[in-house]
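In what follows, a single structure is set out as structure tokens and then discussed.
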Number of protein chains: 2
Amino acid sequence: MVVDTRADENIDRIFRALADSTRRDIVRRTLASTFSVSELAREYDMSFAAVQKHVAVLEAADLVQKIPNGRERIIKGNPATIRKAQELLAQFEHLWRDRIDRLDAFLAE
Amino acid sequence: MVVDTRADENIDRIFRALADSTRRDIVRRTLASTFSVSELAREYDMSFAAVQKHVAVLEAADLVQKIPNGRERIIKGNPATIRKAQELLAQFEHLWRDRIDRLDAFLAE
DNA sequence: AGTATCTACAACCATTTGGTTGTAGATTAT
DNA sequence: ATAATCTACAACCAAATGGTTGTAGATACT
């Protein structure tokens, strides 16, 4: 059956947000340094509004934080959310390892 | 400017595929054990064709492999692709660590 | 005060996504 | 041989996505 929980929706948002190279690039840059929205927008071959939307998607996924500073908004990458995604994938890998271990145990009999 | 390369499109597909709880569940199951498409379909409250499509998305992302076995197709989760995604996220985290290290070095002066 | 810059947000459009039903081909079971 | 099961795939639909332009509010600069 498998019903979507609140937590699942958050995970959906994180991976969905990461499934776009422009957004991944924004995450990279804002983890390594800080950028205002306009500074980011100058880096890409698309409208300011488009970049603004990408930032909004990242913010909704908590991959990025928007900090008001005068008329600017400073965008900061959020390593905690990256780590969360990483840990989920690590769990997946673990499932596989467990299966292999069980197989090995079986063959060892 | 940032142009989408072939490699970027592959990454897009991986994260896009993971951005759906049904698909994540399929990955989990097929990493831990093996399932035919029908066996998988029975687990979810949607049509067989819908599950078939989810499997196709996972296969296109190389998160899953489809192995013919008589009239069945056995679906196997692919840990290598999970690991690839994990490593990319680890690189992201590294960018952040580098920034913090530079900041520390600056403050230490 | 007036102008330029930065951001927010609405309205619109084409494409993609996630589901459906229906049809047909292969393989297995009776 | 016939029937049942498993898979593939097309056609369709509503909603979401990724882009655009345009308008307007705040803040900063001269």
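Note: hydrogens, waters and symmetry copies are ignored here, and every other heavy atom, side chains too, is used. In what follows, chains carry the letters A, B, and so on, assigned in the order in which the sequence lines appear, proteins first and then strands, with residues in each chain numbered from 1. For clarity, every value in this text was computed on a predicted model and none was experimentally measured.
For the pair Glu9(A) CD and dG18(C) C1', the interatomic distance rounds to 15 Å; values are reported in whole Å. Here dC6(C) presents its P atom at 15 Å from CZ of Phe35(A), a figure rounded to the nearest Å. Here dG18(D) presents its P atom at 17 Å from CG of Asp45(A), a figure rounded to the nearest Å. Distance CZ (Arg23(A)) to C1' (dG18(D)): 8 Å, rounded to an integer number of Å. A straight line from NZ of Lys53(A) to P of dA11(C) spans 12 Å, rounded to a whole angstrom. For the pair Phe15(A) CZ and dT17(C) C1', the interatomic distance rounds to 19 Å; values are reported in whole Å. Distance, Asp12(B) CG to dT17(D) P: 15 Å, rounded to whole Å. Distance Asp20(B) CG to dG19(C) C1': 11 Å, rounded to the nearest Å.
In terms of phosphate contacts, Ser47(A) brings a side-chain nitrogen or oxygen within less than 4.0 Å of OP1 or OP2 of dT20(D). Distances shown here put a side-chain N or O of Arg16(A) below 4.0 Å from the OP1 or OP2 atom of dG18(D).
The 12-atom threshold is not exceeded at NZ of Lys76(A), counting heavy atoms of other residues, nucleotides or ligands nearer than 6.0 Å.
From Thr81(B), atom OG1 reaches atom CD of Gln65(B) across 9.0 Å, with rounding to the nearest 0.5 Å. A distance of 6.0 Å separates CG of Leu89(A) from CG of Leu18(B), quoted to the nearest 0.5 Å. From Leu95(A), atom CG reaches atom CZ of Arg29(B) across 11.5 Å, with rounding to the nearest 0.5 Å. Once rounded to the nearest 0.5 Å, the distance linking CG of Asp104(B) with CZ of Arg102(B) reads 11.0 Å.
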Just the atom pairs and distances: protein N or O near nucleotides 7-9 of chain C's N or O, under 3.5 Å.
unit_1: dT7(C); atom_1: OP1; unit_2: Val37(A); atom_2: N; d: 3.4
unit_1: dT7(C); atom_1: OP1; unit_2: Arg73(A); atom_2: N; d: 2.7
unit_1: dT7(C); atom_1: OP1; unit_2: Arg73(A); atom_2: O; d: 3.4
unit_1: dT7(C); atom_1: OP2; unit_2: Ser38(A); atom_2: N; d: 2.6
unit_1: dT7(C); atom_1: OP2; unit_2: Ser38(A); atom_2: OG; d: 2.1
unit_1: dA8(C); atom_1: N7; unit_2: Gln52(A); atom_2: OE1; d: 3.4
unit_1: dA8(C); atom_1: N7; unit_2: Gln52(A); atom_2: NE2; d: 3.1

*Could you please spell out the steps behind the side-chain contact (heavy atoms from CB on, under 4.5 Å) verdict for Glu93(A) and Ile82(B)?*
CA-CA 7 Å; Glu93(A) 242 200 312; Ile82(B) 295 287; 4.2 Å; yes

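Using a cutoff of 4.0 Å between basic side-chain nitrogens and carboxylate oxygens, Asp12(A) and Arg24(B) are scored as salt-bridged.
Positionally, the nearest nucleotide of DNA chain D for Val57(A) lies more toward the 5' end than for the other of Asn69(A) and Val57(A).
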